[in-house]
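Chain identifiers are assigned alphabetically (A, B, ...) following the order of the sequence lines, protein sequences preceding nucleic acid strands; residue numbering begins at 1 within each chain.
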Amino acid sequence: MTETQVTEQEQIRQRREKLTALREETIAFPTDFRRDTLAAEILAAYESKTKEELEAEPIRVKLGGRVMTRRIMGKASFCHIQDMTGQIQLYVARDNLPEGVYNDQFKKWDIADIVGAEGVLFKTQVGELSVKVDNIRLLTKALRPLPEKFHGIADQEIKYRQRYLDLIMSQESRQTFLMRSKIIAYIRQFLIERQFLEVETPMMHVIPGGASARPFITHHNTLDMDMYLRIAPELYLKRLVVGGFERVFEVNRNFRNEGLSTRHNPEFTMLEFYQAYAEYDELMDLTEDMLRGIATDLCGTTTIVYQEHTYDFEKPFERISIFDSILKYNPDLTAENISTREAAAEVAKKLRLPIKDSYGLGKIQVEIFDATVEHHLINPTFITAYPVEVSPLARRNDKDPHVTDRFEFFIGGREIANGFNELNDPEDQAERFQRQVEDKEAGDHEAMHYDADYIVALEHGLPPTAGEGIGIDRLVMLFTNSPSIRDVLLFPHLRPKA
RNA sequence: GGGUCGUUAGCUCAGUCGGUAGAGCACCGCACUUUUAAUGCGAUGGUCGCGCGUUCGAAUCGCGCACGACCCA
């Protein structure tokens with residue numbers, strides 16, 4: 001006996017013994033079983049049939065699934081099996097099966113085992129559509145028991161670390177990830193219909209760019225150089241627009257070396273898309289259409305409930321500049337209070353915000369916004385006209401050179417999207433990168449690098465373009481009423497198990 | 001980084017004032033051919049998160065650590 005077998009719990013040991021016996025008499029893990037239908041398909045098609053109709057015209061089915069419950073009553077049993085669509089009840093009686101199968105096989109199987117069964121549909125005394133089984137096989141022996149059937153898994157840690165158990169046990173959790181898949185598929189279709197081309201750009205960057213964030217560092221052995229996991233695909237996608245792919249998008253992972261929280265995971269999924277010959281207000285329209293479409297087509301309603309709030313996706317979303325939003329939510333402030341660096345710094349000081357000497361007016365305005373406005377943005381809201389200082393890749397506004405043609409989108413006090421007219425002036429971009437390098441040298445770890453190759457691309461000519469990024473995880477949280485980003489990530493990052 | 005709560009059987013949870021570790025589900029045995037949290041009877045199963053301390057004696061009290069959840073920055 002090995003070390004593990006000695007310490008193994010009794011229940012696992014018993015199952016392992018059954019597997020050993022199984023190996024001796026047959027192929028323990030057969031692969032030749034084929035099913036011809038699924039639990040939910042059967043329920044959808046025959047639920048409405050009466051007991052008599054099912055008896056008059058017997059319907060044969062072959063199903064595979066995991067045994068979730070078992071009620072053994074001597075020579076007959078009921079059990080529910082679960083496949084990817086849901087559960088259906090099997091009626092397994094000794095006299096309906098080939099000689100010996102019931103006593104020598106079926107009764108020795110356990111909850112969690114995976115079986116293949118065939119038989120005819122019937123209605124039980126209380127009217128549950130079930131399968132009267134006349135042939136059943138064990139397909140996969142499960143060596144470990146399932147969590148308690150009634151309460152399921154209460155420990156969040158187990159739900160995250162052993163997601164497969166959560167998926168087996170929780171219909172709600174399966175629903176969330178089904179919805180996630182549908183949302184992403186919807187977005188793909190939505191963009192492809194509008195002539196966007198889906199592309200894949202590098203995950204490993206020599207210069208991390210496209211966002212303000214600390215990157216993960218990795219190392220390429222052959223080239224003997226450090227590389228960075230991407231923090232955003234932006235600069236590559238815009239290179240593609242230079243190349244003539246005038247509408248592109250990518251849905252994929254970004255990596256940011258930051259803390260973990262209910263809203264942050266080190267790797268998260270971002271949609272970025274770029275449309276030449278468009279401006280940012282058109283992307284706001286497109287974003288509204290997309291979100292309204294997800295609500296209508298996938299949720300079946302424009303009224304979205306998230307935690308304690310209800311959102312109406314029917315109405316047009318509010319659009320307000322960051323400057324005006326500060327005044328709106330700080331009635332004691334006037335335009336003068338946030339129009340000069342000196343006055344704004346005074347306001348920030350009263351709010352006890354940490355303001356560094358290197359911060360200009362724009363950065364201070366954004367700090368005030370983050371502290372006093374962001375959490376108020378419960379209803380879907382576009383905040384526009386972000387300062388140039390915090391928007392190193394966005395095009396300067398023609399009328400007000402202090403701000404950019406940019407917006408961010410908020411729901412429930414959370415940032416969901418960020419879009420702007422792309423800065424396609426290579427000389428302006430070079431100056432902005434230079435400014436970022438100065439910030440980095442001054443100690444700002446999140447400041448951008450100077451990407452000379454990207455400047456060369458811009459020098460070849462980026463057509464007038466608007467682009468946007470949407471945080472998919474946060475979007476899925478919204479549409480699945482999930483309080484934590486971990487609830488919408490199949491395998492969220494946790495601290496290593498002790 | 002700070003605060004609050006939690007960690008006891010495979011799972012869900014009790015555990016009184018510090019005095020031999022409890023229940024339900026699961027599992028095992030017996031009975032049971034329309035059950036569905038099946039039922040009835042019986043049995044098995046424990047490094048009480050880890051470490052140190054207080055004490056005649058610690059799941060219980062104290063300190064530290066680990067992990068998790070929530071809130072705050």
### Query
CG/A:Asp83 to CD1/A:Ile114 distance, rounded to the nearest 0.5 angstrom?
11.0 Å

Please pick, from [options], the nucleotide with the shortest atom-to-atom distance to any side-chain atom of [X].
X        : options             : result
A:Ala154 : B:U12, B:G68, B:U34 : B:U12
A:Asp155 : B:C11, B:C27, B:U12 : B:U12
A:Glu148 : B:U36, B:G68, B:U12 : B:U12
A:Thr124 : B:C67, B:C32, B:U36 : B:U36
A:Tyr91  : B:U36, B:U12, B:U34 : B:U34
A:Arg161 : B:U34, B:A37, B:C67 : B:C67
A:Ser484 : B:C70, B:G68, B:U36 : B:C70
A:Gln125 : B:C27, B:U35, B:G24 : B:U35
A:Pro147 : B:U35, B:C67, B:C11 : B:C11
A:Ile153 : B:U36, B:U12, B:U34 : B:U12

### Query
Between the side chains of A:Tyr91 and A:Gln89, does any donor sit under 3.5 Å from an acceptor?
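Side chains of A:Tyr91 and A:Gln89: no pair found under 3.5 Å.
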
### Query
Hey, are A:Glu446 and A:Ser212 close enough side-chain-wise for a donor-acceptor pair under 3.5 Å?
no

At under 4.0 Å between heavy atoms, what does [X] touch on the DNA or RNA strands: base, sugar-phosphate, or nothing?
X        : result
A:Arg486 : sugar-phosphate
A:Tyr160 : sugar-phosphate
A:Ile72  : base
A:Thr262 : sugar-phosphate

### Message
Looking at A:Glu10 and A:Arg13, is any side-chain nitrogen of the basic one under 4.0 Å from a carboxylate oxygen of the acidic one?
### Response
yes

### Task
State whether A:Lys328 and A:Glu318 are salt-bridged, where the test is any N-O pair (Lys NZ or Arg NE/NH1/NH2 against Asp/Glu carboxylate O) under 4.0 Å.
yes

Using the [atom1] atom in both, what is the distance from [N] to [M], to the nearest Å?
N     : M     : atom1 : answer
B:G24 : B:U34 : C1'   : 26 Å
B:G22 : B:U44 : P     : 13 Å
B:G18 : B:C63 : P     : 16 Å
B:G3  : B:A9  : P     : 29 Å
B:A69 : B:A31 : P     : 47 Å
B:C56 : B:C72 : P     : 47 Å
B:G62 : B:U20 : C1'   : 25 Å
B:U8  : B:A59 : P     : 15 Å

### Query
Hey, does the side-chain of A:Thr69 have a donor or acceptor N/O within less than 3.5 Å of a partner on the base of B:U36?
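Side chain to base: no pair below 3.5 Å.
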
### Task
Go through the N and O atoms of the side chain of A:Glu128 and the base of B:U35, and report whether any donor-acceptor pair is under 3.5 Å.
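Not at all, since no donor on one side and acceptor on the other fall under 3.5 Å apart.
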
Could you check how far [atom1] of [X] sits from [atom2] of [N], rounded to whole Å?
X        : N     : atom1 : atom2 : value
A:Gln156 : B:C71 : CD    : P     : 12 Å
A:Lys75  : B:A31 : NZ    : P     : 9 Å
A:Ile168 : B:A26 : CD1   : C1'   : 15 Å
A:His80  : B:U34 : NE2   : C1'   : 12 Å
A:Arg263 : B:A73 : CZ    : C1'   : 12 Å
A:Leu494 : B:A69 : CG    : P     : 6 Å
A:Arg144 : B:C27 : CZ    : P     : 16 Å
A:Glu10  : B:A9  : CD    : C1'   : 13 Å

Does [N] pair with anything, Watson-Crick or G-U wobble, both distances under 3.5 Å, and if so, with which nucleotide?
N     : value
B:C52 : B:G62
B:A37 : none
B:G1  : B:C72
B:C67 : B:G6
B:C32 : none
B:U16 : none

Please confirm whether the shortest side-chain N or O distance from [X] to OP1 or OP2 of [N] is below 4.0 Å.
X       : N     : value
A:Lys18 : B:C28 : yes
A:Arg71 : B:U34 : no
A:Gln11 : B:G45 : no

### Message
Is it the case that over 12 heavy atoms from other parts of the model lie below 6.0 angstrom from the CD atom of A:Glu57?
### Response
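12 or below, so no.
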
### Query
Within a radius of less than 6.0 Å around CD of A:Gln307, do more than 12 heavy atoms belonging to other residues, nucleotides or ligands occur?
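More than 12 within 6.0 Å, yes.
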
### Message
Are A:Phe409 and A:Phe317, when compared by the centres of their aromatic rings, separated by less than 6.0 Å?
### Response
yes

### Task
Test the A:Arg163-A:Phe491 pair against the cation-pi criterion, namely NZ or CZ under 6.0 angstrom from the six-membered ring centroid and within 45° of the ring axis.
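Ring-cation test returns no.
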
## Note on the structure
Result for 5'-nearest mapping on RNA chain B, choosing between A:Ile158 and A:Ile111, is A:Ile158

